[in-house]
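Structure record follows, encoded as C-alpha cells.
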Amino acid sequence: MQLTAPVTSSTETRPTGRDADGMAVASFILGLLGLLVLNIFLGPIAIVLATVSLWRGTTRRGRALLGLTLGVADLAVLGIAMQVSHTLSWSL
C-alpha cells in the first residue's frame, strides 16, 4: 500500500507550445474574418485567444499580436458603423 502520491514531471501538467501556436493562428483568422462578418462575436474571441496564446508563450508571437490587433479593430469597426447608422447593429 502506497501512502504518498507518485512523483510526476512538470512537463505533463504544462500546456504545450503547439496549443499556444494554434490559438495564435486561430486568433488571427477569427480577427480577419471578424472584419467582414459577426465582428461583435469574433472580435472578443480573437482578443481572448491572442491573449491566452501570448500568456502561454507561443512561438508565433507576431501572429498572436496581429490577431489581438484585428480583434480590437473588429470592435472599432462595429462602433464606428453603429455611430454612422445610429443603430445597435450594422448592415451593408
Side-chain angles (χ1 to χ4, degrees):
M1 185 163 117
Q2 186 176 8
L3 297 177
T4 59
V7 177
T8 59
S9 65
S10 63
T11 58
E12 292 178 10
T13 59
R14 187 175 176 193
T16 61
R18 186 174 178 192
D19 292 340
D21 291 345
M23 283 190 279
V25 172
S27 71
F28 170 71
I29 291 171
L30 291 176
L32 193 60
L33 187 61
L35 288 174
L36 302 174
V37 293
L38 296 173
N39 49 3
I40 196 163
F41 298 111
L42 297 180
I45 293 171
I47 292 170
V48 169
L49 284 175
T51 305
V52 171
S53 68
L54 287 170
W55 181 72
R56 287 188 177 184
T58 182
T59 58
R60 297 182 178 190
R61 185 172 170 81
R63 196 155 295 163
L65 290 173
L66 191 55
L68 182 65
T69 304
L70 287 171
V72 171
D74 291 347
L75 297 178
V77 166
L78 177 65
I80 291 168
M82 286 171 46
Q83 288 295 322
V84 169
S85 67
H86 302 292
T87 61
L88 294 176
S89 64
W90 65 282
S91 62
L92 296 173

Exercise. Roughly how far, to the nearest 0.5 Å, is CG of L78 from CG of N39?
Worked result: 4.5 Å
Exercise. Which atom names give the shortest non-hydrogen contact between P44 and L75, and what distance separates them?
Worked result: CD-CD2, 3.9 Å
For this session: Following the transitive rule for hydrophobic clusters with a side-chain heavy-atom cut-off under 4.5 Å over Ile, Leu, Val, Met, Phe, Trp and Tyr, establish whether V72 and W55 coincide in one cluster.
Result: no
Exercise. Does L33 have any side-chain contact (heavy atoms from CB on, under 4.5 Å) partners at least two apart in sequence or in another chain, and if so, which?
Worked result: V37, L42
Exercise. Residues sharing V84's hydrophobic cluster, by side-chain heavy-atom contacts under 4.5 Å among ILVMFWY, directly or via others?
Worked result: I80
Problem set entry | Euclidean distance, L38 CG relative to L30 CG, rounded to 0.5 Å | 10.5 Å
Problem set entry | ILVMFWY cluster, F28 and V77 together (side-chain gap under 4.5 Å) | yes
Listed pairs under 3.5 Å, donor-acceptor, residues 45-52 side chains, sequence neighbours left out:
from	atom 1	to	atom 2	distance (Å)
T51	OG1	I47	O	2.7

Mind listing the side-chain donor-acceptor pairs of residues 61-69 below 3.5 Å, one per line with the distance, residues two or more places apart or on another chain?
from	atom 1	to	atom 2	distance (Å)
T69	OG1	L65	O	2.9

Exercise. What are the two closest non-hydrogen atoms of T58 and A24, and how far apart are they?
Worked result: OG1-CB, 4.0 Å
